[in-house]
Amino acid sequence: MAFTLTYNVALVMFGAGLLGVAAGVTGTFMFLRKRALLSDAISHATLPGLCGGFMVMVALGGSGRALEGLLLGSAVSAALGLLAVNFLKSQTRLSEDAAIGAVLSSFFGLGVVMLTVIQNMSAGRQAGLDQLLLGSTAAMLREDAEMIAIGAALVFLVGFVLHRAMTLTAFDENFARALGLNVPLIDAAAMALVLAVTVAGLKIVGLILIVALLIIPPVTARLWSNRAAYIWPIAGAIGGASGLIGAGLSSLAPDLPTGAIIVLVAAGFFLVSFLVAPARGALASAMRHRKFQRRVHRRQGLLALAQGYRILEPYTRKLLQREGYVRADGVMTERGQSAATAAQRDEARVAYLRSKPDYAEFLSRHDGLSDLSRAFTRDELAHIDTRMEAAS
Amino acid sequence: MNGAEFVPLSLPPILIGILAAIACALPGNFLVLRKQALIGDAISHVVLPGIVLAFLVTQALDAWAMLLGAGAAALFAVVMIDVIKRVSRIEVGAIMGVVFTTLFALGVLLLEQSSASSVHLDVEHALMGNLESLIWLEARGWASLLDPVALASLPTELSRLALTLVLIVVLLIIFWRPLTLSTFDEGYAESLGLPVRAISLGLVMVAALAAVTAFDAVGSIIVIAMFICPAAAARLMTDRLRSQIWWSVGFATLSASLGYVLAGYGPLWIGLDNSVSAAGMIATVSGLILALTAVLGPKRCATTT
């Protein structure tokens with residue numbers, strides 16, 4: 001198994017890379033608008049249109065494989081699907097997820113019915129159509145690749161021009177409207193981009209898995225950043241890399257399904273990000289949790305020591321010992337002594353502050369765990385101490 | 001259409017289709033009410049890798065091993081979705097999209113790479129099922145329904161689905177109160193001390209059970225459609241949960257039987273000589289029923305008083 005960069009492989013990799021970039025950028029908007037799964041309905045709803053387009057073209061005497069016809073057909077049925085989702089959502093009591101699921105499954109079912117009709121119409125003619133479900137790059141032609149390249153470039157361009165308006169709409173619809181943006185038009189543009197990505201991706205990824213390229217890169221990018229201005233370029237880069245690497249990998253052996261490999265490469269990016277991303281990653285979150293746990297145990301342990309108890313809880317004991325507050329036999333060190341006294345004094349201050357409702361807001365600066373000197377100035381602490389003495 | 005032809009060729013697939021449709025529609029009612037309809041979508045996608053893995057491990061098309069594999073895959077997906085949601089605090093719909101597409105892609109890859117494609121297991125089968133091929137060879141006519149020898153040769157999918165359906169109904173009756181309470185008012189249910197998370201997971205597992213058993217016979221298109229369409233249509237017919245469930249059972253039955261008949265005989269009526277995909281037609285009919293109720297259903301709009 002050796003990687004040889006033949007003309008055809010290069011073509012597919014180039015096309016898949018561009019497609020990935022376009023899908024990542026388009027998907028970001030759907031994701032930020034909390035409509036990620038609407039793309040799934042759109043891509044599934046293209047199937048009846050593809051078949052319908054094919055049938056009409058055959059009926060008119062063509063071969064049925066002209067891309068313009070398939071494109072037009074899929075655009076019409078995807079638009080009908082979207083209208084159906086919107087109708088169910090706004091005119092009935094059904095929620096959006098039920099509307100999406102209903103449209104997705106019944107349109108796809110209709111598409112499958114039409115697919116079997118086509119299969120019966122005449123053998124051979126339909127050869128290309130059932131491959132559109134899962135994609136197939138084995139027989140990719142130069143024209144196909146060029147079409148994908150042009151389509152992806154257009155999607156990228158439109159996405160680039162509209163991304164400010166789109167993110168604004170995603171975050172605050174009303175604010176966008178107040179700025180004079182045409183929100184329905186922007187939404188429609190986003191749907192059109194999803195449709196374009198689906199159709200451009202039919203040959204490579206297929207219409208069942210294309211939604212993965214629209215969802216995984218933005219979610220992965222979201223793990224790395226809180227800022228929309230960074231999310232969409234990162235998503236584009238991840239999508240592009242997935243397409244490029246996936247298409248390259250799948251050329252290594254004859255039976256590797258290109259679309260599935262591309263999706264799995266994207267999933268690999270997601271998995272790594274999920275583990276190591278700084279704020280939202282699993283490791284970071286586990287570390288935060290441990291740090292918090294240490295603080296609670298340290299505080300509770302010191303308070304117990306100050307009141308003369310022995311520490312029996314093994315984790316607390318090990319922690320205090322490691323940090324030099326107690327010796328191996330459980331007796332406090334000098335450092336432990338002063339820390340315990342400080343903790344107890346803090347506890348008394350907090351108890352005093354809590355008993356006075358006037359101090360509630362003042363006290364809210366304290367998180368209940370760290371030294372009071374972190375939340376209050378020395379003067380403030382002195383003030384509290386004087387009050388406490390006067391009270392007792 | 002006489003008994004000698006109808007009973008062996010059409011009756012078993014219609015019955016299997018109806019049973020599968022009802023088994024999915026029952027948990028579907030609660031998924032729709034809980035705004036978890038797309039969990040059904042996710043489950044039916046992850047069934048594929050589960051089945052392929054089971055095949056790779058056992059090297060045989062053993063139905064029970066595949067059910068187990070698919071169930072395990074569904075559980076894995078649900079747990080993954082929950083873990084990623086908790087850790088990353090990202091919107092659950094997008095997480096679902098990540099998990100189920102990844103697992104589906106994994107299933108496609110395993111399928112293409114294994115020898116599974118040489119036996120009767122391929123993606124198209126997974127999507128569309130093989131409802132039409134579930135025929136009853138021993139049947140000679142209506143009389144065979146009373147003939148124990150002939151009955152023994154009914155497709156095993158039929159008895160498996162019937163068993164699953166009975167199990168689902170029993171579970172529904174036993175857990176009716178906690179399930180409905182936590183569906184309509186989770187906070188109240190929690191304050192009563194009900195284990196709401198366990199109930200939610202249990203519902204998803206029942207849905208997975210229905211999906212997995214039905215999938216084998218009818219393919220994932222019907223499974224997704226039957227989780228959502230009958231329940232959604234029933235929701236537009238009534239305000240009461242009990243009658244909603246009865247409506248959904250009726251719609252599921254109607255979709256399965258009408259869809260199968262239209263797919264098998266419809267093309268003949270309009271002069272074509274080949275039948276079309278029954279699975280696709282059943283899903284289409286259920287969508288049409290939903291469309292009708294969305295326009296005419298007495299309770300189609302949110303109650304405003």
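First the proteins, then the strands, lettered A, B, ... as listed; each starts at 1. Note that the structure is predicted; figures quoted are calculated from it, not measured.
- Taking B:I282, B:I95, B:L38 one by one and counting their heavy-atom pairs under 4.5 Å with chain A, the maximum is reached by B:L38.
- When each of B:L236, B:D41, B:V32 is checked for heavy-atom pairs under 4.5 Å with chain A, B:L236 comes out on top.
- For the residue pair B:I221 and A:G109, the shortest heavy atom distance occurs at CG2-CA, 3.9 Å.
- Summarising the local packing, CZ of B:F76 is surrounded by 12 or fewer heavy atoms from other residues, nucleotides or ligands at distances under 6.0 Å.
- Panel note: side chain A:R93, backbone B:R235; a donor-acceptor pair is recorded below 3.5 Å.
- To the nearest 0.5 Å, atom CZ of residue B:R34 and atom CG of residue A:D97 are 12.5 Å apart.
- With hydrogens and angles disregarded, no donor-acceptor distance shorter than 3.5 Å links the side chain of A:T116 to the backbone of B:V276.
- If you tally non-hydrogen atom pairs under 4.5 Å between each of B:S220, B:G280, B:G287 and chain A, the highest count goes to B:G280.
- Taking chain A as the reference chain and counting heavy-atom pairs below 4.5 Å, the highest number among B:V223, B:I222, B:L109 is found for B:L109.
- Here A:L110 is the residue among A:L214, A:L88, A:V103, A:L110 with the most heavy-atom pairs under 4.5 Å with chain B.
- Nearest heavy-atom pair across B:G93 and A:L37 is O-CD1, 3.4 Å.
- Taking both residues in full, the closest heavy atoms of B:A283 and A:S105 are given as CB-O, 3.8 Å, listed atom of the first, atom of the second, then distance.
- Contact annotation for A:F107: neither backbone nor side-chain heavy atoms come within less than 4.5 Å of a heavy atom of chain B.
- Of all the heavy atoms in B:I90 and A:R222, the pair that sits closest is CD1-CG, 3.7 Å.
- For the set A:I261, A:V219, A:L264, the count of heavy-atom pairs under 4.5 angstrom toward chain B peaks at A:L264.
- For chain B, the option among A:I100, A:I262, A:I216, A:V211 with the highest count of heavy-atom pairs below 4.5 Å is A:I216.
- Chosen from B:I84, B:V83, B:L33, B:V99, the residue pairing most often with chain A at heavy-atom distances under 4.5 Å is B:I84.
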(message) For a side-chain contact (heavy atoms from CB on, under 4.5 Å) check, start with the C-alpha distance between B:I228 and A:L104, then their side-chain angles and the critical distance, and finish with the verdict.
(response) CA-CA 10 Å; B:I228 302 172; A:L104 179 155; over 6 Å; no
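- In this structure, chain A has no heavy atom under 4.5 Å from any part of B:A279.
- Separating the CD1 atom in B:I224 from the CZ atom in A:F108 is a distance of 8.0 Å, to the nearest 0.5 Å.
- Between A:A102 and B:L290, the shortest heavy-atom contact is CB-CD2, 3.3 Å.
- Side chain of B:R300 to main chain of A:Q91: no donor-acceptor pair is present (N/O by atom type, distance under 3.5 Å, no hydrogens or angles).
- The greatest number of non-hydrogen atom pairs below 4.5 Å with chain A, out of B:G40, B:A94, B:S44, B:A225, is found for B:A94.
- For the pair A:R280 and B:R89, the tightest heavy-atom approach, listed with the atom from each and the gap, is NH1-O, 3.2 Å.
- Only the side chain of A:F274 comes within contact range of chain B, with heavy atoms under 4.5 Å apart.
- Under the rule for a side-chain contact (heavy atoms from CB on, under 4.5 Å), the partners of A:S273 that lie at least two apart in sequence or sit in another chain are A:T220, A:L223, A:W224.
- When the candidates A:A260, A:A36, A:A267 are compared by the number of heavy-atom contacts under 4.5 Å with chain B, A:A260 comes out ahead.
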(request) Under the side-chain contact (heavy atoms from CB on, under 4.5 Å) rule, what do B:F100 and A:D40 come out as? Steps first, then yes or no, please. (result) CA-CA 12 Å; B:F100 83 72; A:D40 203 18; 3.5 Å; yes
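- No side-chain donor-acceptor contact under 3.5 Å links A:T92 to the backbone of B:A294.
- At a 4.5 Å heavy-atom cutoff, the contact between B:M96 and chain A is made by side-chain atoms alone.
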